[in-house]
J.: 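Dropping the structure in here first, questions after.
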Amino acid sequence: MASRDLQLILVSLYSYFLESILLPAQSLARGRSYHRIRRFLETSQWWSAEQLRDFQWQELTRLLTIAFCSVPFYQRKYAAAGARLEDIRTWDDFQRLPPLTREEVNQHREELFPRDLTVRRLPHATGGSSGVPVRFYRTWQSYDWRLAATHRAYSWSGCRQGERTLYLWAAPLASQSFASRLRERAHAFLHRRLMVPTWLQNEALWERTYREALRFRPRFLVGYVSSLLNFARYLESRQLHLPTLRAVLTAAEPLPASVRGFLSQVFRVPVFETYGSREFMSIGAECDRHQGLHLNVENLVVEIASPDPDGYGDILITDLHNLGTVFIRYAIGDASRLASRPCSCGRGLPLLEPVERRVADVITLPGGRVISPIFFRHVLKEIPEILQYQVRQESPDRVVLLLVLARELSASSQSRLRAELGTVLNDTEFEICVVPSIPLGPSGKLHSVVAFRGPQPDPEPGGIPLE
Ligand SMILES: [Zn+2]
């Protein structure tokens, strides 16, 4: 027990050293602002909602002035929409500006930054989980904001920098140069991270991961939901356990309540959902009250565009500090709703409800009928046996639902599933298949809805058809 206590003290000391001395010193020596922003964010999270809103407005008006006066793309786009800077006096005025699409970012990349920008632009790209990678630029200033926001968001689960953390990550290792691999290794060593690439998942990978984890003794486990789920199923089937874990953090994919329950049962620790993207890094994360995802509003404005009667709608994001590519009201391709209540932890940061759609297509049926991915989420989240699903439109009028189950579907779940899906797919052939696992998309994420795009090269799923 005494040696365990000593270990915990040493861990805290190392985290303290890294967070309070080494990282700030590094930032200072490089002439960067990470250390200042990180300190600011520690304080501002406890501001009132009004104070945070005022801060956002001040940063937003500064950004809009730049966009209207010196970013060629916005000058043209907003002029065509009849929008003038002097007309934007309230949040409602701002919300009338036309959104930015990912196609626009790709097509007008060289017109999306201020003409007089003097700082370096650092190229970056998304993983292309929606089919097309988005290429954009960041500045060091914006990188410092997003890194500080990410570190704060992780700290809400207790995962501070320097804590031993195991990452199940779809990290692209092959295309990197020797120097950048070396740099990454040094970084992982300093931050005490064990990175396990999960592009290709099979028994051998999980066996190796488990063995390495026992040696590494992680206190935190971070991963894509699908990777965590597959690892948990491996551990459960062999009755294995990682005794040093304190929390699991999920990323990159939606976290249905059934999966959260399963992960916390297998790993025997609380599960924290986080929401982020390559374009912005951390957007939001749960604190220990698990009442929603606290948004990083000092760096981002997160809005819901044309919400439905329940408040759900597409998420639009404005990055307040990235002049490398100016994102204003960017349609990120996910949907959710804002919670109206504050969190009981006392932070003024508003809450986003769990994100409803990620890496999902809209299905168009013959005759032009369109089904939103939100429909499937709503129906399938009510079926307790379902761990993962994928809706595949195999041909214009044939839809297959692949299911990974925690246990066999009960008769009532089966009839409920058929009845609910039948309300929308009544004139379409649809089949339900139980499969052992669902292959991940090219970005390493699970695609929950895949629309028909012409002849499909994929083989048949090979599941067990349900009657
Ligand atoms: Zn909270």
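Computed from a predicted structure; not experimentally measured.
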J.: Can you tell me how far CD of Q390 sits from OG of S448, rounded to the nearest 0.5 angstrom?
T.: 8.0 Å

J.: Give the minimum heavy-atom separation between A213 and L242, together with the two atoms involved.
T.: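 Looking at all heavy atoms of both residues, the shortest contact is CB-CD2, 3.7 Å.
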
J.: Could you tell me whether the side chain of E431 and the main chain of V400 form a donor-acceptor pair under 3.5 Å?
T.: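 Side chain of E431 to backbone of V400: no pair is present.
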
J.: Is there a donor-acceptor contact under 3.5 Å from the side chain of D334 to the main chain of D314?
T.: no

J.: Centre-to-centre under 6.0 Å for F280 and F327, is that the case here?
T.: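 Aromatic pair counts; centres sit under 6.0 Å.
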
J.: Is E212 salt-bridged to R217, cutoff N-O under 4.0 Å?
T.: no

J.: Does the ring center of Y210 lie less than 6.0 Å from the ring center of Y234?
T.: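 No.
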
J.: Taking side chain as C-beta onward, heavy atoms only, is P384 less than 4.5 Å from S258?
T.: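 A side-chain contact is absent here, since even the closest heavy-atom pair is not under 4.5 Å.
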
J.: So, using side chain to side chain donor-acceptor pair (under 3.5 Å) as the criterion, who are the partners of R96 when residues are at least two apart?
T.: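 For R96 the side chain to side chain donor-acceptor pair (under 3.5 Å) partners, ignoring immediate neighbours, are D93.
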
J.: Heavy-atom count check: over 12 atoms from other residues, nucleotides or ligands less than 6.0 Å from R76 CZ?
T.: yes

J.: Would you call R329 and E303 a salt bridge, using N to O less than 4.0 angstrom?
T.: yes

J.: Does R164 use its side chain to pair, donor to acceptor, with the backbone of F216 at less than 3.5 Å?
T.: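 Yes, because the side chain of R164 sits within donor-acceptor range (under 3.5 Å) of the backbone of F216.
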
J.: Ignoring hydrogens and geometry, is there a side-chain-to-backbone donor-acceptor pair from Y74 to V326 under 3.5 Å?
T.: yes

J.: List the steps, then state whether side-chain contact (heavy atoms from CB on, under 4.5 Å) holds for R233 with W206.
T.: CA-CA 10 Å; R233 292 170 87 213; W206 300 131; over 6 Å; no

J.: Taking C-beta and beyond as the side chain, do E103 and N106 meet within less than 4.5 Å on heavy atoms?
T.: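 When only atoms from C-beta onward are counted, N106 and E103 do not touch, as no gap falls below 4.5 Å.
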
J.: Is a side-chain donor or acceptor of R341 paired with a backbone partner of Q291 at a separation under 3.5 angstrom?
T.: yes

J.: Show the nearest heavy-atom pair for residues E353 and L293, with the distance to one decimal.
T.: O-CD1, 3.8 Å

J.: If we ignore angles and hydrogens, is there a donor and acceptor under 3.5 Å between the side chains of N296 and S282?
T.: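 Short answer, yes.
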
J.: So, T244 side chain and R219 main chain: donor-acceptor pair closer than 3.5 Å or not?
T.: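 No; zero donor-acceptor contacts below 3.5 Å.
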
J.: Would a distance-only check, ignoring hydrogens and angles, find a side-chain to backbone donor-acceptor pair under 3.5 Å from R109 to F136?
T.: no

J.: Using 30° and 60° as the class boundaries, would you call the ring planes of H321 and W145 parallel, tilted or perpendicular?
T.: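 The rings of H321 and W145 lie parallel, inter-plane angle below 30°.
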
J.: Determine, step by step, whether H290 and F272 satisfy the ring-ring contact (aromatic ring centres under 6.0 Å, His included) criterion, reporting the C-alpha distance in whole Å, the side-chain angles of both residues, the deciding distance to 0.1 Å, and the verdict.
T.: CA-CA 7 Å; H290 305 281; F272 292 78; 4.6 Å; yes

J.: So, R193 versus Q161: side-chain donor-acceptor pair below 3.5 Å or not?
T.: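 The answer is yes; a qualifying pair exists.
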
J.: With a 4.0 Å cut-off, would you call E298 and R152 a salt bridge?
T.: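 R152 and E298: salt-bridged.
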
J.: Do the side chains of P256 and L380 get nearer than 4.5 Å, heavy atoms only?
T.: no

J.: Please check if the distance between the ring centroids of W169 and Y224 is under 6.0 Å.
T.: yes

J.: Once side chain to side chain donor-acceptor pair (under 3.5 Å) is applied, do any residues pair with E203, and if so which ones, sequence neighbours excluded?
T.: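 For E203, the residues satisfying side chain to side chain donor-acceptor pair (under 3.5 Å) (neighbours in sequence not counted) are R238.
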
J.: Would one find more than 12 heavy atoms of other residues, nucleotides or ligands at under 6.0 Å from atom CD of E110?
T.: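 Above 12, so yes.
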
J.: Can you name the closest pair of heavy atoms from G223 and L228 and give their distance?
T.: O-CD1, 3.4 Å

J.: Please confirm whether the backbone N or O of P270 pairs with a side-chain atom of S264, one donor and one acceptor, at under 3.5 Å?
T.: no

J.: Would you sort out whether R337 and D308 count as a salt bridge (Lys or Arg N to Asp or Glu O under 4.0 Å), showing the intermediate values?
T.: CA-CA 9 Å; R337 70 175 168 188; D308 70 10; over 6 Å; no

J.: Would you sort out whether R260 and E286 count as a salt bridge (Lys or Arg N to Asp or Glu O under 4.0 Å), showing the intermediate values?
T.: CA-CA 13 Å; R260 183 194 287 267; E286 287 182 342; 2.6 Å; yes

J.: Would you call F94 and V301 a side-chain contact if the rule is heavy atoms closer than 4.5 Å?
T.: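 The answer is yes; the side chains approach within 4.5 Å.
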
J.: Is the backbone of A285 close enough, under 3.5 Å, to the side chain of T274 for a donor and an acceptor to pair up by distance?
T.: no

J.: Any sub-3.5 Å donor-acceptor pair from H191's side-chain atoms to G162's backbone N or O?
T.: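 Such a contact is absent between H191 side chain and G162 backbone.
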
